[in-house]
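Quick note on labels: first sequence line is chain A, next is B, and so on, each numbered from 1. Everything numeric here is computed off the predicted structure, so don't read it as measured data.
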2 protein chains.
Amino acid sequence: MTISPVSRVPLSLEVAQRLRAAILDGTFPADTELPTETELAQSFGVGRSTIREALRVLQAHGLISGADTVSTARPRVTHERTAGAAGLALSTALQVGAIPLADLVALRTLLEAEAIRQTTSVPEAARSCLVTMAAAVENGDIHTFHAADVDFHVQLAYACGNQALGFVIGVLRDCIAGYLLDALAAVADRRTVLVRLLAEHQSIVDALDVGENDRAAEAVVAHIRGFYEPGTP
Amino acid sequence: MTISPVSRVPLSLEVAQRLRAAILDGTFPADTELPTETELAQSFGVGRSTIREALRVLQAHGLISGADTVSTARPRVTHERTAGAAGLALSTALQVGAIPLADLVALRTLLEAEAIRQTTSVPEAARSCLVTMAAAVENGDIHTFHAADVDFHVQLAYACGNQALGFVIGVLRDCIAGYLLDALAAVADRRTVLVRLLAEHQSIVDALDVGENDRAAEAVVAHIRGFYEPGTP
DNA sequence: TCTTGTCTGTTTGTCGGACAAGCCACTACG
DNA sequence: CGTAGTGGCTTGTCCGACAAACAGACAAGA
């Protein structure tokens, strides 16, 4: 019998985990550059290829920047991409069938309704999204409309004051966005749907403006359900 | 002026995206092996290093297996790790996002209460966690107690039928776990607290067993709030 | 015939070297 | 003083090499 029951993990993965831990515990602070690949290779005592594979893993997790364009810039520790990475990962799980879309939508409904209930005032950024959406309706530009739509919900979600709530809503939104856009593109009478969606958004804002948070929450629930439930033209 | 405003994407990332698309659209079906790295390199017309970096990205996304042990096995297309990858990504984002603990706890309270309301029966796994916790109380083993505590909540969360809800609760739980264990370790009269926590868990189960979901939800809220709110001995 | 030990080929994990392209700072020249 | 060239550094990519692990073929012995 062997006395080494521990299955050896590849060096690249171990390096990735150690780098990840170093970033999370602040050894490499946010918004700073990492050492060069050669320096990392020397300090870890591994080859540059190994370091590069570890860096790819960290980039996939959104912990460091780079790799989206080819440049000589050193990768930077960043925390802004983690939400996008989480959204992408969740989206992958969704596409692959690990999590049903209906469950995600139900969760999103629950969270957005709660966020609306806790919101005291509508941020200006959300209002300007309404303007953008209105303009997009005129042009029939579903991409612009959709982008503003996403932004509207996220802005509203963060206005509730609970950062965790806003964050998770944003991630869910990222994850569902693709489906929403497809659904919009598939709609025959596009303009009618856009007008209705815009009106629903407006009614949410109106309810909030007069302090009727419960009515706003109901409007959000109806808004989301109305779009995802089957048989919605 | 150059006519290529599109910032060039590194080959490794492009390969990763194409491989990802190929996996998602079924070109590489689930539970099958990918071609060897050399074959992939030839078919994409790139070097093996490039393929390897792309594979690391896909592994980080949970789309293919491998890289957790060193072996000659080819990576397999798998869909079972995507949820885990998404959980890791979300957990990372939350850790890194400087989100106040109070917000995390508030969100967890909201979600667990909702999950309890939707739960129809207590899974056996959750019940056995209670037994483990009871034994841990006798031994004063806070680590075992805590592990069973976490497991109890996660088991209960998944029992609600909404996988997304259970998933997010599990992630939140992971994020908060460190704080909880520290708090437990800092408590002077450990046994009294453990006994109280165990009783609270039991009361949740009891309420669910008689179909009083609302009371169970209230018990969960009190259980969580009672532990995290300041001034709780 | 069946078992067993060996051997060979394949594949991954890792390393080192090499080169092109881009970026930055410095210098030399007008 | 300003500008163009120049050299070094860094990333992205490729190639060749080798150890370790695994699978299958293959031969030797009971």
Side-chain angles (χ1 to χ4, degrees), chain A residues 1-20 23 28 31-60 62-78 81, chain B residues 1-20 23 28 31-60 62-78 81:
Chain A
M1 66 164 76
T2 62
I3 55 172
S4 68
V6 282
S7 52
R8 253 187 46 231
V9 302
L11 264 181
S12 55
L13 190 64
E14 189 184 324
V15 169
Q17 288 169 341
R18 285 171 60 184
L19 272 177
R20 176 190 155 88
I23 290 175
F28 294 119
D31 291 324
T32 60
E33 284 182 340
L34 258 62
T36 67
E37 294 176 353
T38 306
E39 287 170 352
L40 284 173
Q42 287 171 351
S43 72
F44 278 98
V46 301
R48 190 159 80 101
S49 324
T50 306
I51 290 291
R52 287 182 61 78
E53 291 185 21
L55 290 179
R56 291 300 155 274
V57 175
L58 296 186
Q59 278 164 348
L63 278 173
I64 61 177
S65 69
D68 45 356
T69 70
V70 46
S71 88
T72 63
R74 305 227 283 266
R76 298 180 66 89
V77 178
T78 174
R81 305 189 178 206
Chain B
M1 73 165 68
T2 61
I3 54 171
S4 68
V6 281
S7 51
R8 254 186 47 231
V9 171
L11 263 180
S12 54
L13 191 63
E14 188 184 325
V15 169
Q17 287 169 342
R18 285 171 60 184
L19 270 176
R20 178 190 156 90
I23 290 175
F28 294 118
D31 291 326
T32 61
E33 284 181 341
L34 259 60
T36 67
E37 294 176 355
T38 306
E39 286 169 354
L40 284 173
Q42 287 171 349
S43 72
F44 278 99
V46 300
R48 190 159 81 100
S49 321
T50 306
I51 289 291
R52 286 181 61 79
E53 291 185 21
L55 291 179
R56 290 302 155 274
V57 174
L58 296 186
Q59 279 164 349
L63 277 172
I64 61 177
S65 69
D68 45 355
T69 69
V70 44
S71 89
T72 63
R74 304 227 284 265
R76 299 180 64 89
V77 178
T78 176
R81 304 189 180 205

Chemist: Got a sec, which residues hit salt bridge (Lys or Arg N to Asp or Glu O under 4.0 Å) with B/Arg74, two or more places apart in sequence or on another chain?
Modeler: B/Glu33

Chemist: Would you give the length of the straight line joining atom CG of A/Leu58 to atom CZ of B/Arg56, rounded to the nearest 0.5 angstrom?
Modeler: 13.0 Å

Chemist: Atom CG of A/Leu40 to atom P of C/dC15: distance rounded to whole Å?
Modeler: 13 Å

Chemist: Measure from the side-chain heavy atoms of B/Thr72 and tell me the nearest of C/dT12, D/dG12, D/dA21.
Modeler: D/dA21

Chemist: Does B/Thr38 make a side-chain N or O approach to OP1 or OP2 of C/dT10 shorter than 4.0 Å?
Modeler: no

Chemist: State the CZ-CG distance between A/Arg48 and A/Leu40, to the nearest 0.5 angstrom.
Modeler: 11.0 Å

Chemist: Atom CD in A/Gln17, atom CZ in A/Arg20: separation rounded to 0.5 Å?
Modeler: 8.5 Å

Chemist: Would you indicate whether the side-chain heavy atoms of A/Leu55 and A/Leu19 approach each other to under 4.5 Å?
Modeler: yes

Chemist: Using whole Å, report how far CG of B/Leu13 lies from P of D/dT11.
Modeler: 17 Å

Chemist: Could you state the atom-to-atom distance from CD of B/Gln59 to C1' of C/dG13 in whole Å?
Modeler: 12 Å

Chemist: Nearest 0.5 Å, what's the CD-CD1 distance between B/Gln42 and B/Ile51?
Modeler: 10.5 Å

Chemist: What residues in residues 42-55 of chain B put a non-hydrogen atom under 4.0 Å from any atom of DNA chain C?
Modeler: B/Arg48, B/Arg52

Chemist: For the residue pair A/Phe44 and A/Leu11, establish whether any side-chain heavy-atom pair is separated by less than 4.5 Å.
Modeler: no

Chemist: Please list, for nucleotides 24-26 of chain D, all pairs of protein and nucleotide N/O atoms separated by less than 3.5 Å.
Modeler:
none

Chemist: B/Leu11 side chain: which of C/dT14, C/dT12, D/dT13 is closest?
Modeler: D/dT13

Chemist: From CD of B/Glu37 over to C1' of D/dC14, roughly how many Å is that when rounded to an integer?
Modeler: 15 Å

Chemist: Let me know the distance between CD of B/Glu33 and P of C/dT10, rounded to the nearest Å.
Modeler: 16 Å

Chemist: Decide yes or no for B/Leu63 and B/Val77: does some side-chain heavy atom of the first lie under 4.5 Å from some side-chain heavy atom of the second?
Modeler: no

Chemist: If only atom types and distance count, is the side chain of A/Arg76 paired as donor or acceptor with the main-chain N or O of A/Asp31 below 3.5 Å?
Modeler: yes

Chemist: For the side chain of B/Arg74, counting heavy atoms from C-beta on, which of C/dT11, C/dG13, D/dG12 is nearest?
Modeler: C/dT11

